[in-house]
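This report concerns only the one structure given below.
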Amino acid sequence: AKHAGGNLMKFYAVEMNARALERLDLENGLRHAIEHDELVLHYQPQVSLSTGAIIGAEALVRWQHPQRGLLPPVDFIPIAEQSDLILALGEWVLRTACAQNRVWRESGLPPITVGVNLSARQFTSQDIAAMTGRVLRETGLPGDALELELTETILMADTEAFTRATEGLKALSISLSIDDFGTGFSSLAYLRRFSIDRLKIDQSFVRGLVEDASSAAIARAIISLSHSLSLSVIAEGVETREQLAFLYAYDCDEMQGYLFSRPIPAEAFEGLLREGREL
Ligand code: C2E
Ligand code: CA
Ligand code: CA
Ligand code: CA
């Protein structure tokens, strides 16, 4: 048994080494990717339920890996978040999305807001308002054409520095939204405290809209909460006509999901905007 235990330990050591190496490899690869333009943004349309028109785009990052093909964020964002790499990645995403929206606005297309996802570390390890202000100046995008998506986890870091950061962002006329709303543990008081503009109903509630009474009740409650606080509300992950019908009935403001479009490359998104595609 002792012998087998020893072998097992050796096996774990080898296994752990392989994992550590793979992580290091990914980390180095990602650093290279940020510097050599291997990252790309796809844009997913956000649509008004009252007009049917595209009113925004969420920027979602992908990694065009030289060997492994197009990687989804779940394959590399968690690794980036374990180090300051997420700061460089986050700034690249913000700059690229702002520059792109500036180009769209200058080319006479209907003006939209671009949404960018933020990680917790971007609030704790840098001056996010200063960085964002710089990016807006350098790209020429007005602050009111940018929305930053926070999670409830970020909100719970209710510190002096965080308060200052959100005030700095509001001073730039940027909109703030809460992503995956309803899945975290943030107190509703935070919605006022941090001048939140919009709630994004998590996909899990949208998925259950038709079959599951409690998902439907939660979605409905989030919509009425938003309206009583004068926030706007968008449903994410809308895949079917039936889900859309519920959202109409509940008076939801906006939707985003495969039913209208998957996240798509910038040129394809521009095509939808140009042809005036409606819901
Ligand atoms: P998220 O912010 O909640 O983004 C929505 C995710 O749902 C996206 O996955 C999107 O492609 C997917 N989605 C959209 N509509 C539908 C639908 O109708 N049905 C289904 N089943 N899925 C839908 P994606 O692009 O793989 O991104 C996953 C997560 O990675 C994002 O979740 C976000 O948390 C993170 N992420 C993406 N880009 C960035 C970034 O630039 N920075 C940071 N910090 N995180 C990012
Ligand atoms: Ca998001
Ligand atoms: Ca989300
Ligand atoms: Ca999510």
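Along the sequence shown, residues carry numbers from 1. Note that ligands are numbered from 1 as they come in the structure, with each ligand's atoms numbered from 1 the same way.
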Q. Mind checking whether F260 and R277 have side chains closer than 4.5 Å, heavy atoms only?
A. yes
Q: Considering just N/O/S atoms, say which atom of E236 is closest to the Ca ion (ligand 3).
A: OE1
Q) Hey, is the Ca ion (ligand 2) within less than 3.0 Å of some N/O/S atom on D180? A) no
Q: For ligand 1, note which part of D179 has a heavy atom under 4.0 Å away: side chain, backbone, both or neither.
A: side chain
**Q.** Mode of E58 contact toward ligand 1 - side chain, backbone, both, neither (heavy atoms, under 4.0 Å)
**A.** side chain
Q.
Show me which atoms of ligand 1 lie under 4.0 Å from any heavy atom of P263.
A. 11 (O)
Q.
Check contact between V74 and ligand 1, using heavy atoms of the residue and a distance below 4.0 angstrom.
A. no
Q. Within the structure, does E149 bring an N/O atom to less than 3.5 angstrom of an N/O atom in ligand 1?
A. no
Q | Closest candidate by heavy atom, reference atom 41 (O) of ligand 1, pool V93, L39, T151 | A | V93
Q. Looking at E149, which of its N, O or S atoms is the nearest one to the Ca ion (ligand 2)?
A. OE1
Q.
Quick check for you: with the Ca ion (ligand 2) as the vertex, what angle do OE2 of E58 and OD2 of D179 span, to 10°?
A. 180°
Q) Does H42 approach ligand 1 within less than 4.0 angstrom via side chain, backbone, both or neither, non-hydrogen atoms only? A) neither
Q: Please report the shortest heavy-atom distance between L209 and A219, naming the atom on each side.
A: CD2-CB, 3.8 Å
Q.
Test ring-ring contact (aromatic ring centres under 6.0 Å, His included) on F162 and F194; report intermediate values, then the result.
A. CA-CA 9 Å; F162 179 78; F194 299 124; 4.8 Å; yes
Q. Judged by non-hydrogen atoms, does K200 sit under 4.0 Å from ligand 1?
A. no
Q: For atom 38 (N) of ligand 1, state which one of V61, T240, I86, T183 supplies the nearest heavy atom.
A: V61
Q. Q256 near ligand 1, heavy-atom distance under 4.0 Å?
A. no
Q.
Suppose I only count heavy atoms of G257 and a 4.0 Å limit; which atoms of ligand 1 are within that range?
A. 15 (N), 18 (O)
Q: Hey, could you give me the CD1/CD1 distance between I86 and I34, rounded to the nearest 0.5 Å?
A: 8.0 Å
Q. Taking side chain as C-beta onward, heavy atoms only, is I196 less than 4.5 Å from L229?
A. no
Q. Going by heavy atoms in the side chains, are K200 and D180 under 4.5 Å from each other?
A. no
Q) Side-chain donor-acceptor pair under 3.5 Å between Q64 and D37, yes or no? A) no
Q | Heavy-atom pair of closest approach, residues P73 and V61 | A | CD-O, 3.3 Å
Q: Answer yes or no: is there a side-chain heavy-atom contact under 4.5 Å between C98 and L136?
A: yes
Q. Counting from 1, what ligand 1 atoms have a heavy atom of Q44 closer than 4.0 Å?
A. 14 (C), 15 (N)
Q. Going by distance only, is there an N or O of E239 that falls short of 3.5 Å from an N or O of ligand 1?
A. yes
Q: Answer with yes or no whether G90 contacts ligand 1, where contact means a heavy atom under 4.0 Å from a ligand atom.
A: no
Q: Could you pull out the closest heavy-atom pair between N117 and A59, with the gap in Å?
A: ND2-O, 3.5 Å
Q: Any atoms of ligand 1 less than 4.0 Å from a non-hydrogen atom of E236? List them with their elements.
A: 3 (O), 5 (C)
(Q) Below 30° counts as parallel, above 60° as perpendicular, anything between as tilted: where do the rings of Y43 and W104 land? (A) perpendicular
Q.
Could you go through R31 and D84, starting from their C-alpha distance and side-chain angles, then the distance that decides it, and tell me whether this counts as salt bridge (Lys or Arg N to Asp or Glu O under 4.0 Å)?
A. CA-CA 10 Å; R31 191 166 291 122; D84 281 349; over 6 Å; no
Q) Under a heavy-atom criterion of less than 4.0 Å, does R207 contact ligand 1? A) no
Q) At a 4.0 Å threshold, what atoms of ligand 1 neighbour a non-hydrogen atom of D180? A) 3 (O)
(Q) Just by distance, no angles: are the side chains of E58 and Q44 close enough, under 3.5 Å, to form a donor-acceptor pair? (A) no
Q) Given P72, G115, P73, which has its nearest heavy atom closest to atom 29 (C) of ligand 1? A) P73
